[in-house]
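So that the names make sense, note that chain A is the first sequence line, chain B the second, and so on, each numbered from 1.
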4 protein chains.
Amino acid sequence: MRSKQQAATDLNARRRHGRADRERALVRAAIKLFASHGYEATTTREIAAYAGCSEGLIHRYFKSKEGLLRAVMSSHTSQRMLELAEHLPVSDSLEEEMRQPMYWEVNRMWQDRNFLRVALQRAMLDPKIARSVRHLGPARLAKVIADRLRNYQNPLGLDDDDIEAASNAVSALCFVFGFLRPAVLGYDRKETKQVAENAAKIIARGLAPAKRPLTAQRT
Amino acid sequence: MRSKQQAATDLNARRRHGRADRERALVRAAIKLFASHGYEATTTREIAAYAGCSEGLIHRYFKSKEGLLRAVMSSHTSQRMLELAEHLPVSDSLEEEMRQPMYWEVNRMWQDRNFLRVALQRAMLDPKIARSVRHLGPARLAKVIADRLRNYQNPLGLDDDDIEAASNAVSALCFVFGFLRPAVLGYDRKETKQVAENAAKIIARGLAPAKRPLTAQRT
Amino acid sequence: MRSKQQAATDLNARRRHGRADRERALVRAAIKLFASHGYEATTTREIAAYAGCSEGLIHRYFKSKEGLLRAVMSSHTSQRMLELAEHLPVSDSLEEEMRQPMYWEVNRMWQDRNFLRVALQRAMLDPKIARSVRHLGPARLAKVIADRLRNYQNPLGLDDDDIEAASNAVSALCFVFGFLRPAVLGYDRKETKQVAENAAKIIARGLAPAKRPLTAQRT
Amino acid sequence: MRSKQQAATDLNARRRHGRADRERALVRAAIKLFASHGYEATTTREIAAYAGCSEGLIHRYFKSKEGLLRAVMSSHTSQRMLELAEHLPVSDSLEEEMRQPMYWEVNRMWQDRNFLRVALQRAMLDPKIARSVRHLGPARLAKVIADRLRNYQNPLGLDDDDIEAASNAVSALCFVFGFLRPAVLGYDRKETKQVAENAAKIIARGLAPAKRPLTAQRT
DNA sequence: GATGAATGAGCCTTCATTCAT
DNA sequence: AATGAATGAAGGCTCATTCAT
């Protein structure tokens with residue numbers, strides 16, 4: 001037989017669980033609708049309807065429409081940080097060191113394209129959001145790549161500015177070919193991925209121009 | 001003494017001029033305000049006040065707020081097309097062939113940053129605008145660069161896929177380092193320009209990797 | 001102690017009641033204001049204020065100002081149809097057969113004068129409303145009177161065209177003396193009623209000219 | 001050779017003529033458009049376009065939109081007063097005494113239906129207009145008929161209340177069958193005219209029911 | 001806690017009126 | 001005197017937010 005207290009705990013758990021579910025549903029609905037119609041043009045009623053719950057909940061859970069937007073923004077920024085570095089195996093060529101994170105990131109951007117649309121929209125209007133996007137977005141990938149290249153640096157003697165430039169360039173290419181072109185401008189996704197890959201190769205070649213080809217070909 | 005006809009012409013000219021001035025003022029105000037607050041959050045009153053004329057004029061000239069947006073969109077798309085190719089001198093190195101259009105474009109993007117914010121905003125919400133941005137935006141620069149590289153191709157024997165990838169990569173870098181990072185995410189502009197330039201160098205090197213070293217070795 | 005179900009029922013009832021009350025209040029306010037200022041010149045704000053509720057409710061309940069007008073139009077047209085025929089007792093003289101419906105109708109028109117003003121206004125501007133007014137308005141009363149006269153026809157041998165003309169004439173007199181003159185043109189109501197009654201007598205006499213005088217003389 | 005003064009006079013005449021023409025055109029346009037769309041829903045721009053002149057003229061000539069309405073109202077009320085009585089020949093039967101003015105009036109109402117629509121619209125909204133319509137409208141015809149009947153009275157010994165009732169009834173029938181039913185409610189015009197005529201006959205018969213038969217019997 | 005009906009501030013738009021030419 | 005471009009007040013309608021149930 002369960003104690004009263006335990007029953008209450010269960011109830012709270014259920015409640016909290018119910019609440020967490022609804023919150024997630026609302027955030028997901030908001031991402032979807034903000035992404036396609038824009039934040040301003042999306043009504044709280046639409047969001048509630050899409051999430052399958054009542055309009056008032058938005059204000060209970062998130063205080064306001066803007067609060068929901070804040071929840072949307074923090075829903076993705078927190079967890080994605082660490083995923084990248086951990087999931088990537090070390091590879092044995094410079095080209096692979098660039099291609100692998102790029103591949104991973106291009107796919108992630110496609111998955112998160114709705115969130116990215118919202119984030120980009122708002123970053124253009126709100127400097128505060130712009131700042132957080134700046135730290136969590138391009139810098140993240142560039143840092144990971146730069147670290148990898150630096151690990152590669154010693155034997156090859158890569159220039160530090162070159163590492164900086166190359167890693168940031170790859171980060172930029174991920175954004176453009178992984179998100180902007182296919183998800184916003186309607187480019188064919190396979191083609192953009194291919195172009196991105198080719199571009200990565202060229203950059204890798206440019207980073208250590210004499211290295212691979214010469215040694216490889218000469219031997 | 002002025003003839004009647006001339007007076008009438010002057011009158012028409014003045015009137016048309018007055019109207020054209022006001023239209024331009026409204027379009028400029030709209031670009032500025034749409035860019036900073038977003039299209040939806042900008043009220044027609046604000047636009048009229050910022051442009052220094054009455055609200056009704058927006059509807060007289062542009063039919064509706066959306067009509068003003070259309071005017072905004074076509075205000076930049078029409079003329080910029082041809083400017084790029086014509087203003088650039090031919091240069092004697094591959095690196096220069098890439099750096100020059102990039103330099104030109106990065107500066108242009110900074111000048112047009114407000115317009116670009118509006119265009120990007122709307123492209124994310126309206127597939128029709130997305131399509132026109134796609135054709136007038138990235139494709140334009142990539143084409144110019146690709147043509148230049150192709151002129152360079154014969155003596156060097158550049159691969160066609162490489163040209164495609166490199167020119168599109170440079171186009172992407174222009175967007176990110178010329179607009180997105182400095183104008184949206186608040187990066188320092190000089191730094192982004194430097195990174196862009198370095199990246200262009202790397203790409204140029206990567207495009208013709210055997211070039212400098214090989215010729216050097218050949219001699 | 002009331003059961004949960006009953007409480008819920010009460011709640012629904014109260015809610016539905018509350019809504020029905022507000023709807024009626026809005027429709028009544030609209031009739032009153034449309035009648036005195038005209039449909040176009042009446043603002044939704046005025047209507048809401050007069051009805052004692054908020055402006056947004058008009059659009060929630062009736063979709064638009066025009067929707068409220070439609071509600072106004074159907075608020076009276078539906079129920080009045082059958083009332084007339086059923087409430088009138090059969091009488092024993094031709095004159096009474098005409099006077100009774102006329103009396104009933106003249107009073108009804110006065111009661112509904114505001115609605116009639118709105119209906120007449122809109123019928124002049126909207127052929128669709130004109131059509132419905134035509135079927136529900138003059139035709140209704142004329143039909144009732146004609147039926148009564150036809151029941152009287154056999155013993156008297158009334159001409160069918162005469163019945164048609166007389167019943168339509170009475171219907172017209174009701175409109176003019178029951179509504180137009182007192183409610184629109186500001187005639188004294190008692191006088192117009194008296195004139196209507198006298199006119200009805202004349203028509204009754206004209207319908208069966210030899211009838212009454214002859215029988216009167218026979219006694 | 002014409003003197004300077006005469007030339008100026010001609011010019012004034014032409015000018016005044018031009019102005020009078022334009023005024024008439026504006027009034028006619030206003031009647032047409034007020035009648036079909038209503039006063040409020042008709043824009044001054046539409047009126048000016050329909051009349052073929054500029055919008056500003058309305059305010060120059062009539063001071064305001066309402067001033068144009070006043071001009072519309074007085075454009076018909078002044079001249080129609082006297083026409084009726086003068087154009088009708090004396091007839092030799094009671095029935096003809098009623099049918100002739102009715103015929104005349106029913107046709108006139110059809111011709112003036114647009115003006116009548118405007119007048120009726122405004123009379124419902126503005127007591128001042130209602131009063132003038134009341135004096136110029138129903139009273140006019142009723143008076144003419146009553147006078148005619150009174151001329152007929154002496155030999156027949158008609159009751160004064162009957163004359164009052166009958167003439168007002170005919171006036172009412174003219175309005176309903178000459179204007180309201182055909183021009184507002186969309187009834188077939190020929191049918192309404194026929195019904196009106198038949199009703200007039202019945203009233204004539206009712207006015208002097210015993211006349212033909214009774215006098216025959218009395219002798 | 002959850003609901004959704006009610007609120008009202010504020011938007012886009014229209015249009016009578018003014019005024020410079 | 002005539003034009004029609006410019007004005008700005010006010011209307012219908014939407015929608016984030018509140019609150020009674």
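In this model, the phosphate group of dG8(E) is not approached by any side-chain N or O of Ser54(C) to a distance below 4.0 Å at OP1 or OP2. Neither OP1 nor OP2 of dA16(E) sits under 4.0 Å from any side-chain N or O of Arg45(D). Remark: Arg19(A) is not in phosphate contact with dG1(E), judged by side-chain N or O atoms under 4.0 Å from OP1 or OP2. Dashed line: the shortest gap from a side-chain N or O of Arg22(C) to OP1 or OP2 of dA6(E) is under 4.0 Å. Of the side-chain N and O atoms in Tyr61(D), one or more sit less than 4.0 angstrom from OP1 or OP2 of dA2(F).
Distance Leu69(D) CG to dT17(E) P: 12 Å, rounded to the nearest Å. Taking atom CD1 of Ile47(B) as the reference point, atom P of dG8(F) lies 17 Å away to the nearest angstrom. Here dA2(E) presents its P atom at 14 Å from CD1 of Ile58(A), a figure rounded to the nearest Å. Going from atom NZ of Lys63(A) over to atom P of dC19(F) covers 12 Å, rounded to whole Å. One interatomic measurement links the two molecules: CG of Leu33(A) to P of dA16(F), which rounds to 12 Å at whole-angstrom precision. The CG-C1' distance, from Leu68(B) to dC12(E), rounds to 13 Å in whole Å. Following rounding to the nearest Å, Glu23(A) (CD) and dG1(E) (P) show an atom-to-atom distance of 11 Å. Rounded to whole angstrom, the span from the NE2 atom of His37(D) across to the P atom of dT14(E) amounts to 16 Å.
Place Thr43(B) and Arg60(C) on DNA chain E by their nearest nucleotides, and Arg60(C) ends up nearer the 5' end. Judged by closest nucleotide on DNA chain F, Glu55(D) is the one of Glu55(D) and His59(C) placed further toward the 5' end. Nearest-nucleotide positions on DNA chain F place Gly56(B) closer to the 5' end than the other of Gly56(B) and Glu40(C).
Between the Lys65(B) side chain and the Tyr39(B) main chain, a donor and an acceptor come within less than 3.5 Å of each other.
Here the CE atom belonging to Met73(D) is positioned 5.0 Å from the CD1 atom belonging to Ile129(D), to the nearest 0.5 angstrom. Taking CG of Leu26(A) as the reference point, atom OG1 of Thr44(A) lies at 10.5 Å (rounded to 0.5 Å). In this structure, Glu40(C) CD and Thr42(C) OG1 are separated by 9.5 Å, a value rounded to the nearest 0.5 Å. For the atom pair Phe34(A) CZ and Arg117(A) CZ, the distance stands at 14.0 Å (nearest 0.5 Å).
Remark: Tyr50(B) OH is loosely packed, at most 12 non-hydrogen atoms of other residues, nucleotides or ligands lying under 6.0 Å away.
Of the nucleotides present, dG11(F) is the one that pairs with dC12(E) by Watson-Crick or G-U wobble criteria, both distances under 3.5 Å. The base-pairing partner of dA1(F), taking Watson-Crick or G-U wobble contacts with both distances under 3.5 Å, does not exist among the strands shown.
Candidate nucleotides dA2(F), dC13(F), dA5(E) were compared by shortest atom distance to the side chain of Leu57(D), and dA2(F) ranks first. When each of dA16(F), dT13(E), dA6(F) is scored by its nearest atom to the side-chain atoms of Lys65(B), the top-ranked nucleotide is dT13(E).
Among the protein residues, Thr44(B) comes within range of the nucleic acid bases, having at least one heavy atom under 4.0 Å from a base atom.
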